[in-house]
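Read through the structure below, which is laid out as structure tokens, and then see the notes.
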Amino acid sequence: MPRYDVIVIGARCSGASTGMLLARQGYRVLVVDRSTFPSDVISTHFLWPHGTSYLNRWGLLDQALAVTPAHTEVTFVNDGIPLTGSVPDELLRAYFRDWHGDDTGVVRSYASIRRHVLDQMLVEAASKAGAEIRTNFTVRELITEGEQVVGVRGRTSDGRLVEERARIVVGADGRNSFVARSLGLPKFDERPRCTFAYWSYYSGFDLGPAQLHRRGRLACAVAPTNHDQNMVLVWGPSEWSREFRRDVPGNFQRALDFVSPELGEVVRTQGVRAERIYGTLDQSAFLRPLAGPGWVLVGDAESAKDQCTAIGMTHAFRGAELVADALGRWLSGDVSLNEAMTTYESRRRSQNAAAYYDYVCTLAEMRPYRHDELQLFVALRGNQQEIDRFVATHADIAPVSEFFQASNLLLLNDAAKESSAGYPVFDDFPTTARMYQQNLFA
């Protein structure tokens with residue numbers, strides 16, 4: 001009999017959450033991570049309302065919001081066309097009933113929670129639930145018997161080499177997953193076109209709810225976060241990154257001024273940068289196989305996407321609840337492992353999940369919006385119900401296929417209450433479109 005029911009490799013959003021949920025079901029869980037906590041990691045650290053709803057379902061939201069600002073409204077500004085909305089309660093409840101069969105714990109607020117705050121909280125919650133947590137633990141090898149994964153060999157914080165065995169090993173170790181590489185798992189449906197992103201933290205101003213701006217092939221966002229600071233983020237097409245890197249501080253401000261002169265002015269005149277500017281250059285998307293003999297993947301290890309919709313942490317929580325539910329039904333003897341993994345895979349590779357993967361990958365190409373796409377944003381103004389549904393669609397709460405179906409777009413256009421005449425982007429659109437193709441940093 002193995003010492004553990006489950007070994008989870010990775011103790012961040014997907015790993016600590018999976019370990020916590022399985023430990024709460026009474027299973028013997030070991031969670032290992034090479035980091036020590038608290039620690040930061042490359043992340044947009046943004047939780048959409050379903051992300052905060054997971055924390056609420058798990059009894060952790062009050063602790064998170066005690067140190068983190070939260071809002072319900074978010075503003076999108078595309079080429080000067082503003083849309084402010086929030087996710088409707090009924091769509092959130094439908095989301096949880098569809099994915100998990102119940103809608104308990106739903107809240108409409110979102111929050112931007114620094115990883116050194118959130119990951120520490122999740123690790124502590126997993127430990128409190130009864131999971132054994134080993135940090136500063138480096139996994140060196142998966143132990144296999146035939147094709148079956150049966151455990152791990154690794155080095156502990158005091159330098160000892162140890163072996164631990166379990167009925168199943170969960171790879172929750174991110175896009176560069178050691179588990180996936182050790183097993184030689186292929187990537188599929190790869191999407192190489194992605195964004196570069198740079199961000200930092202500023203005090204000195206309070207703009208309230210989060211803002212996301214887009215102009216041409218560049219975008220920026222500001223969101224209030226912990227320590228009375230704002231995360232300020234700029235991103236653009238990866239093929240412009242080489243020129244951007246020649247002067248990161250200068251081009252960071254230049255991008256802000258181009259995408260949103262108002263936000264650029266606030267950051268320049270009022271902002272006090274608290275940390276260095278961080279960056280990431282390769283966010284290409286891919287999928288991996290989900291499960292095999294003695295192993296299963298969750299979070300970015302099984303499906304990595306670009307940061308442009310800031311959905312990674314929220315999806316990590318969703319995956320944790322799905323895989324913990326599937327493994328719990330197998331460990332309890334209710335279903336076979338094959339049946340449990342088939343259910344997990346059917347949820348994670350559903351048609352709606354595939355449609356949202358395509359949506360994120362298309363946005364990550366950072367093509368300038370077409371004339372008709374910008375007209376759609378104009379048509380949405382004055383229709384708060386549809387603005388809210390657009391916000392929910394962007395955040396993967398409502399199905400992409402329902403909002404963007406042709407009949408809905410035609411109805412929106414017919415019901416438009418506002419003319420596009422008042423927006424400068426339409427004045428000489430062909431010239432503007434050509435200008436947008438030029439690399440701002442070249």
Side-chain angles (χ1 to χ4, degrees), residues 1-12 14-23 25-34 126 130-188 286-303 319-320 322-349:
M1 175 68 72
R3 182 178 177 185
Y4 300 99
D5 294 309
V6 183
I7 294 175
V8 182
I9 301 177
R12 293 191 182 271
S14 58
S17 303
T18 300
M20 174 192 70
L21 293 169
L22 285 165
Q25 297 179 50
Y27 298 112
R28 299 164 298 166
V29 180
L30 171 65
V31 181
V32 300
D33 198 291
R34 64 184 177 184
E132 181 179 336
I133 308 293
R134 294 187 195 175
T135 58
N136 198 13
F137 182 98
T138 304
V139 177
R140 296 296 185 89
E141 185 180 6
L142 296 178
I143 303 172
T144 58
E145 293 180 354
E147 294 184 352
Q148 183 85 14
V149 176
V150 297
V152 300
R153 291 189 180 93
R155 186 179 296 278
T156 63
S157 58
D158 57 5
R160 290 181 298 115
L161 290 173
V162 298
E163 289 187 8
E164 299 293 357
R165 294 178 179 245
R167 298 176 66 186
I168 196 161
V169 172
V170 177
D173 47 349
R175 61 184 296 127
N176 296 315
S177 170
F178 172 83
V179 176
R181 287 185 283 113
S182 298
L183 294 169
L185 300 180
K187 297 176 181 177
F188 59 93
F286 59 83
L287 306 176
R288 286 192 178 109
L290 280 167
W295 60 268
V296 59
L297 301 184
V298 64
D300 280 356
E302 58 93 358
S303 174
L322 288 173
V323 79
D325 178 64
L327 291 177
R329 288 188 296 113
W330 164 60
L331 290 166
S332 69
D334 288 345
V335 298
S336 69
L337 180 58
N338 183 57
E339 290 173 295
M341 292 300 97
T342 298
T343 301
Y344 175 52
E345 183 164 13
S346 70
R347 311 298 289 148
R348 283 299 299 114
R349 298 291 183 254

TODO: Determine yes or no for a side-chain-to-main-chain donor-acceptor pair under 3.5 angstrom, with Y27 supplying the side chain and G328 the backbone.
DONE: yes
Open item on the list: Counting C-beta onward and ignoring hydrogens, is there a side-chain heavy-atom pair between Q25 and S332 closer than 4.5 Å?
Closed with: no
Open item on the list: Please determine whether the number of non-hydrogen atoms from other residues, nucleotides or ligands lying under 6.0 Å from atom CD of Q148 exceeds 12.
Closed with: yes
Task: V179 and V149, any side-chain heavy atoms less than 4.5 Å apart - done: no
Task: Minimal non-hydrogen separation, A131 against A23, with atom names - done: N-CB, 3.6 Å
Task: Side-chain heavy-atom pair L327, V170 within 4.5 angstrom cut-off - done: yes
Open item on the list: Contact between R329 and T343 at the side-chain level, heavy atoms closer than 4.5 Å - yes or no?
Closed with: yes
Task: Test applied, side chain to side chain contact (heavy atoms under 4.5 Å, CB included); reference residue, L30; option that passes from I7, V169, I9 - done: I7
Task: Distance-only polar pair, side chains of N338 and S336, donor-acceptor under 3.5 Å - done: no
Open item on the list: Which residue in the set I133, L22, T18 passes side chain to side chain contact (heavy atoms under 4.5 Å, CB included) when paired with V29?
Closed with: L22
TODO: Look up atom CZ in F178 and atom CZ in R140, then write down how far apart they are to the nearest 0.5 Å.
DONE: 9.0 Å
Open item on the list: A side-chain contact here means heavy atoms from C-beta on lying under 4.5 Å apart; do E164 and E132 qualify?
Closed with: no
Task: Y344 to A326 - nearest heavy-atom pair and separation - done: CB-CB, 4.1 Å
Open item on the list: Determine whether a donor-acceptor pair (N or O, by modelled atom type, separation under 3.5 Å) exists between the side chain of R153 and the backbone of L161.
Closed with: no
Task: D325 side chain near R347 side chain, heavy-atom distance below 4.5 Å - done: no
Task: Value rounded to 0.5 Å, distance of CZ in R155 from CG in N136 - done: 11.0 Å
Task: Student check: side-chain heavy atoms of L290 and M341 closer than 4.5 Å - done: no
Open item on the list: As a quick check of understanding, evaluate side chain to side chain contact (heavy atoms under 4.5 Å, CB included) for L297 and L185, giving each step before the final call.
Closed with: CA-CA 11 Å; L297 301 184; L185 300 180; 3.8 Å; yes
TODO: Identify the heavy atoms of S303 and L287 that sit nearest to each other, and give their distance.
DONE: OG-CD2, 3.4 Å
Task: Nearest-0.5 Å distance, CZ of residue F137 to OG1 of residue T135 - done: 11.0 Å
TODO: Check G15 against A172 and note the closest heavy-atom contact, atom names and distance.
DONE: CA-CB, 3.4 Å
Open item on the list: Using side-chain heavy atoms (C-beta onward) and a distance below 4.5 Å, is W295 in contact with L142?
Closed with: no
Open item on the list: For G171 versus A301, what's the shortest heavy-atom pair and its separation?
Closed with: O-CB, 3.6 Å
Task: Derivation and outcome, side chain to side chain contact (heavy atoms under 4.5 Å, CB included), residues E339 and W330 - done: CA-CA 8 Å; E339 290 173 295; W330 164 60; over 6 Å; no
Task: Other residues, nucleotides, ligands: >12 heavy atoms within 6.0 Å of R28 CZ - done: yes
TODO: Looking only at non-hydrogen atoms, find the nearest pair between A16 and A11 and report the distance.
DONE: CB-O, 3.5 Å
TODO: Begin with the C-alpha distance, continue with both residues' side-chain angles, and end with the deciding distance and a verdict on salt bridge (Lys or Arg N to Asp or Glu O under 4.0 Å) for E302 and R288.
DONE: CA-CA 5 Å; E302 58 93 358; R288 286 192 178 109; over 6 Å; no
